[in-house]
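All heavy atoms count here, side chains included; hydrogens, waters and symmetry mates do not. Chain letters run A, B, ... following the sequence lines, proteins first, then strands; residues in each count from 1.
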Amino acid sequence: MTLANYLIASGLLFAIGLLGVLVRRNLIIMFMCLEMMLSAGNLTLVAFSRFNGEAGLPNMHAQTLVFFIITVAAAEVAVGLAIIVALFRARQTVHINDIQVLKG
Amino acid sequence: MTNLPWLLLIIPLASALIIQFALRQMSGTAALLGTASVAATFIINLVLLGQVGTDAFEGIKALHWIDVGDFQVSFSVMPDKLALGMMFVVTTIGLLVHIFSLGYMKDDEGKSRYFAGLSLFMFSMTGIVLADNFLMMFVFWELVGVSSYILIGHWFEKNSAADAAKKAFIVNRIGDFGFMAGILILFGATGTVGFVGLEEAFSAETLPLTGTLLTLGVLGIFCGAVGKSAQLPLHIWLPGAMEGPTPVSALIHAATMVAAGVYMLVRVDFLIAADLFSSTTISWVGGLTALAAALMATQQNDIKRILAYSTLSQLGYMVMAVGLLAGYAGMFHLFTHAFFKALLFLGSGAVIYACHHEQDIWKMGGLIKKTPITAITFMIGTAALIAVPYVSSGFWSKESILFAAEHTNPSLFWIAVFVAFLTTFYMLRLVLVTFFGKPRAHGAEEAHEVGLTMSVPLIILSVLAVIAGYGFFAGNFLPDSFHAHLGWDANHPVSHEGSKALIASLASLVLGIVAAIVLYRGKDKDPISIGFFKNRLYIDDIYEWVVKIGQDLVAFIAAALDKFLIGGLLVRGGAGLCSGAGYLFRRVQSGNLQYYTILFGIGVIALIYIALS
């Protein structure tokens, strides 16, 4: 396994996530795709950490950053899901075509 | 006692302030205070005249006004014989007019306002006369304009009076603009505005400025005189000024203020002498004014307006004399004219008062039987104005002007002689129609002689109108340098006998008398009617037309600018730009989450591209 394999996998993951966010109309699914993009970023960081290690040890800077991202993502999921639930309670839908009140 | 001249300024100012702020309700006291203040200045001025030539005025205090670097302007008085002689005219006529006003304005509602205005005028006029530099003179120049405005518009509830006051002020401003420009040009060249400093600069070997700039400077100064002394083409305000009370016309618009322009020109005669083109222009302006005004006077029917045009005409004489470098003659005529014209105006005031405020001479008639004192004093004034030889003051002064013109400018001389003929003609027309024949209206039938406060000033002025022309009297009030020119100097007597000027003026007098008697004796209405003269040569109509065209043009341009540039382009254009931009950018806010995301993604990609390239 070379670095390129990991990066390609990560790129695919990111592209799928982005595509999901762009084309899906369900907020939950869009949210999941968003998480997928974060994971793709994490995968890249871990891959670089492995392959750019020194003296047999991985580069710990990147891994530290990964933990930060996971923590923030967890918090973000909590907030995001809460907003979606609140939204659903108010409008009985999570389909974004029905949620366009901020139109200019 | 050195600073005594300052009192001449302070007393009338104090009087004006006290009347304005403390005596508004007590009009009787106000009138007496105003009169007393003039009486005080009159006496002080006589005392000062006695001190001329001594060193009594050495070290007189000056008020420092502007003190910047080496540029200094101080308010200071210059009590030389020219100034104090002029002050004699101002205070004498001022005093008599005040006394006359006590009777004439007895029952007027605005009596205290009137006397406050008179005091303010006395203050301003004194400032002009005593000023020792152009800047101070200019300040007081404007002040007489203001007080003239106040007094012309005394009966401001009448539209015509309010309009006349405005007209006088605005027309004067036009002249004052030139005056200011002239002062600035002279200041720029010499660095001083003082009369003494200027005279020194102009008596040097090389003049401080030459050519066009000198002409512009002198003509600028002359502009001030054109406005204030009502010369062509700014003469139109003076006849309108007759809307004011008649004593005001006598004091301000006949004897003193309108003569201020001539006085100022005599004060700076060294400037006029320095530039030939300017002096020629000045003399022609004066001569043409005299001619035009005399022509207009022949066809007027309002007693005050006839006198107003006659004033214009006589002022033209004076200006002409100044332009012919005979300032002594101009000043002498100013001196005599002030007395007899004030007499004529006060006389006309008495006539108007006697006829219950009737001003049309064709509605008078036969007044010599009803009001003998007024009639006789008026005729003495007329005799002075038409220059009856040897027994009237006007004869001597007019003769000195004609004599000066005869030797310097023959064409102006003949114009002046013709004007003398016209003067005799229209004044006798006035006298014949007003005082002789039979009463032509109710007011004239019921006329009765005026009271003492009005007849005494008339009598005093008629005495002055006779003696003011003789050297033994006038010599006390005119500068010594004039005496030789006027033939009062025993060593250099000037004889006019047998000169063309004397013969011509006698001939014009006789012709004028004959013409007036033939045409107007016993007539009930004007036998001749010349619209061109009656309508004041249409000059007022031309101005009206020009002003109207100019105003319409400016209004049209302003309206177009407002409509298209400001309204269309700036206001509507700005609003349209904003709303158009808003309409475009509104599309961006679609409310579609994914659309936002795409835009966001494009933005990120663009940023990365920019960052990496």
Side-chain angles (χ1 to χ4, degrees), chain A residues 7-8 10-42 44-45 48 65 69 72-73 76-77 79-104, chain B residues 166 170 546-613:
Chain A
L7 292 184
I8 287 167
S10 149
L12 275 174
L13 208 53
F14 188 86
I16 291 168
L18 183 64
L19 200 68
V21 170
L22 288 184
V23 299
R24 296 307 297 261
R25 296 287 193 254
N26 190 316
L27 261 180
I28 303 277
I29 305 232
M30 285 170 76
F31 202 59
M32 285 159 64
C33 292
L34 212 65
E35 291 304 313
M36 209 148 55
M37 285 157 79
L38 279 174
S39 303
N42 281 347
T44 321
L45 283 168
F48 276 118
L65 194 57
I69 292 173
V72 171
E76 179 238 314
V77 166
V79 175
L81 276 177
I83 291 175
I84 290 170
V85 170
L87 189 69
F88 183 77
R89 278 192 184 158
R91 322 274 309 228
Q92 272 76 46
T93 177
V94 287
H95 200 271
I96 56 162
N97 279 1
D98 299 332
I99 311 166
Q100 293 197 344
V101 285
L102 281 180
K103 192 150 71 173
Chain B
K166 258 184 285 181
I170 292 169
V546 168
V547 168
K548 192 169 173 300
I549 295 271
Q551 211 166 359
D552 283 357
L553 193 68
V554 171
F556 176 76
I557 292 171
L561 279 181
D562 188 51
K563 206 167 169 185
F564 295 111
L565 186 70
I566 297 176
L569 197 65
L570 293 181
V571 176
R572 276 172 219 280
L577 194 69
C578 290
S579 73
Y583 186 78
L584 277 180
F585 286 119
R586 197 170 59 172
R587 302 280 139 201
V588 177
Q589 302 288 335
S590 64
N592 187 331
L593 203 56
Q594 274 143 349
Y595 183 63
Y596 295 158
T597 322
I598 289 174
L599 284 182
F600 174 71
I602 292 171
V604 170
I605 290 167
L607 272 181
I608 291 172
Y609 176 77
I610 291 168
L612 295 183
S613 63

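Side-chain contact of B:Q594 with A:R24: a donor-acceptor pair under 3.5 Å is absent, judged by distance alone.
By the neighbour-count criterion of 12 heavy atoms within 6.0 Å, atom CZ of B:R572 is sparsely surrounded, having that number or fewer from other residues, nucleotides or ligands.
Atoms CG and CD1, from B:N592 and A:I99 in turn, are 11.0 Å apart once rounded to the nearest 0.5 Å.
Between A:M30 and B:L593, the shortest heavy-atom distance links the atoms CE-CD2, 4.0 Å.
Contact annotation for A:L22: both backbone and side-chain heavy atoms come within less than 4.5 Å of a heavy atom of chain B.
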